[in-house]
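Lettering of chains follows the sequences in order, A, B, ..., and the numbering in each one begins at 1.
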Number of protein chains: 2
Amino acid sequence: METSTVRERLLEHAQTLMQLRGYNGFSYRDLSTLVGVKTSSIHYYFPTKEDLVLEAVNQYSAQVLHDINGIDQTLPAAKKLERYGKLFAKVLGEGDQICLCGMLAADIQSLPDAVRLAVQSFYRANEGWLARVLEEGAAQGTLLMPGEPQMAARALFSAYQGSVVASRLFNTRTRVTEVTGWLKAK
Amino acid sequence: METSTVRERLLEHAQTLMQLRGYNGFSYRDLSTLVGVKTSSIHYYFPTKEDLVLEAVNQYSAQVLHDINGIDQTLPAAKKLERYGKLFAKVLGEGDQICLCGMLAADIQSLPDAVRLAVQSFYRANEGWLARVLEEGAAQGTLLMPGEPQMAARALFSAYQGSVVASRLFNTRTRVTEVTGWLKAK
DNA sequence: GTCTATAAACGGATAGAC
DNA sequence: GTCTATCCGTTTATAGAC
């Protein structure tokens, strides 16, 4: 049963293509083949490629942040971090995708400022969430958190982003979950 | 005084272009303009773009690993890690470049297997070096190292790679050095 | 909304003169 | 070694029919 609109499928496949190959690594033709409409029809919905990437990143960001905020707030901090790590591992898909915002951050010099702002916003939201969990975990004595929470959260988020890239590079799924394990206080 | 050969300048600029925009984000034409030779001359040295990226990554890897192995072995572990962090921060250049191997890891789905192997080799060398330093630092009580040294080293290297991407995204240089500070035992 | 047709620039790559 | 000239497919994008 195919209920989604052409517009929705375009956004979905554009997102996946960028997670696989980056902004400069896919074309309207690729998208055209996947969705089954001509490239001129894509321009009807998204006049330029920059329009397309901007909508894709905003939708992706909203979805992921919704999932993160869906993590049960009453859980102990270590458990919350575990759930977060599992969400992060899920972006790998069949093992060949990385986080869209991590990819666009790598491609940032090819992208308009509106995309930079959207990606920055995604980074800050994740770092803020992680900072609160780390602080809680430090208070509970279950998570290591040397230094300020915000600083540790930035380093930790960088580690998660780097770990999905490395996981794909080595064809393994373990590197993401290793990051979570790393923080558990001994 | 211009002593370097055309071949050397091609490799140098190709490296920088990829650190800025990635494998799919630059062309022989860009390189042609920068070096001042026609694109057909580039093909004389590097028949295909894949030949070019492979030589560039091998040269980059050798240079960086040489710098890392140049860190004084008699230094205390915490000091070694500090030096390593400074080397990593240097790849930012004018603030707009990331590690070539981090970029190619993001672009890995567009690249031939020989490049994947070269990038994997770079990752393993860095992780091995970091593992030894972390183990030494844990023994000296100056560095935090929960879990196995190799696991912690993989997570740490991911954090460094992610931190240069984030540093460029936010137009700051601090995020790389924060990673080093994070590990210092309190 | 989706198509055909086409534009105009760019992509990597090659042949052959000098 | 470097150039001119060129091939040919690709890329983003537009005009206009249906």
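- Here R21(A) pairs with D30(A) in a salt bridge; the nearest charged N to carboxylate O distance falls below 4.0 Å.
- Looking only at atom types and distance, the side chain of N24(B) has no donor-acceptor partner in the side chain of Y23(A) under 3.5 Å away.
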Side-chain donor-acceptor contacts of residues 57-71 of chain A below 3.5 Å, not counting sequence neighbours, with atom names and distances?
residue: N58(A); atom: ND2; partner: L54(A); partner atom: O; Å: 3.3
residue: Y60(A); atom: OH; partner: L100(A); partner atom: N; Å: 3.4
residue: N69(A); atom: ND2; partner: L65(A); partner atom: O; Å: 3.1

Would you tabulate the nitrogen or oxygen pairs shorter than 3.5 Å linking the protein to nucleotides 2-4 of chain C?
residue: dT2(C); atom: OP2; partner: Y45(A); partner atom: OH; Å: 2.4
residue: dC3(C); atom: OP2; partner: K38(A); partner atom: N; Å: 2.8
residue: dC3(C); atom: OP2; partner: S41(A); partner atom: OG; Å: 2.9
residue: dT4(C); atom: O4; partner: S40(A); partner atom: OG; Å: 3.0

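- Spacing between atom NE2 of H43(B) and atom P of dC7(D) amounts to 16 Å, rounded to whole angstrom units.
- The stretch residues 18-30 of chain B touches DNA chain C through F26(B), S27(B), Y28(B), R29(B), each having a heavy atom within less than 4.0 Å of the strand.
- Ion pairing between a basic and an acidic side chain is recognised when a charged N comes within 4.0 Å of a carboxylate O; E148(B) and R154(B) show no such pairing.
- A salt bridge does not link E178(B) to R173(B): none of the charged nitrogens lies less than 4.0 Å from a carboxylate oxygen.
- When the options V176(A), V164(A), I98(A) are evaluated for a side chain to side chain contact (heavy atoms under 4.5 Å, CB included) with V91(A), the one that passes is V164(A).
- A salt bridge between R9(A) and E12(A) is absent, with no side-chain N of the basic residue lying under 4.0 Å from a carboxylate O of the acidic one.
- Between E94(A) and R168(A) no salt bridge is recorded (no basic side-chain N to carboxylate O distance below 4.0 Å).
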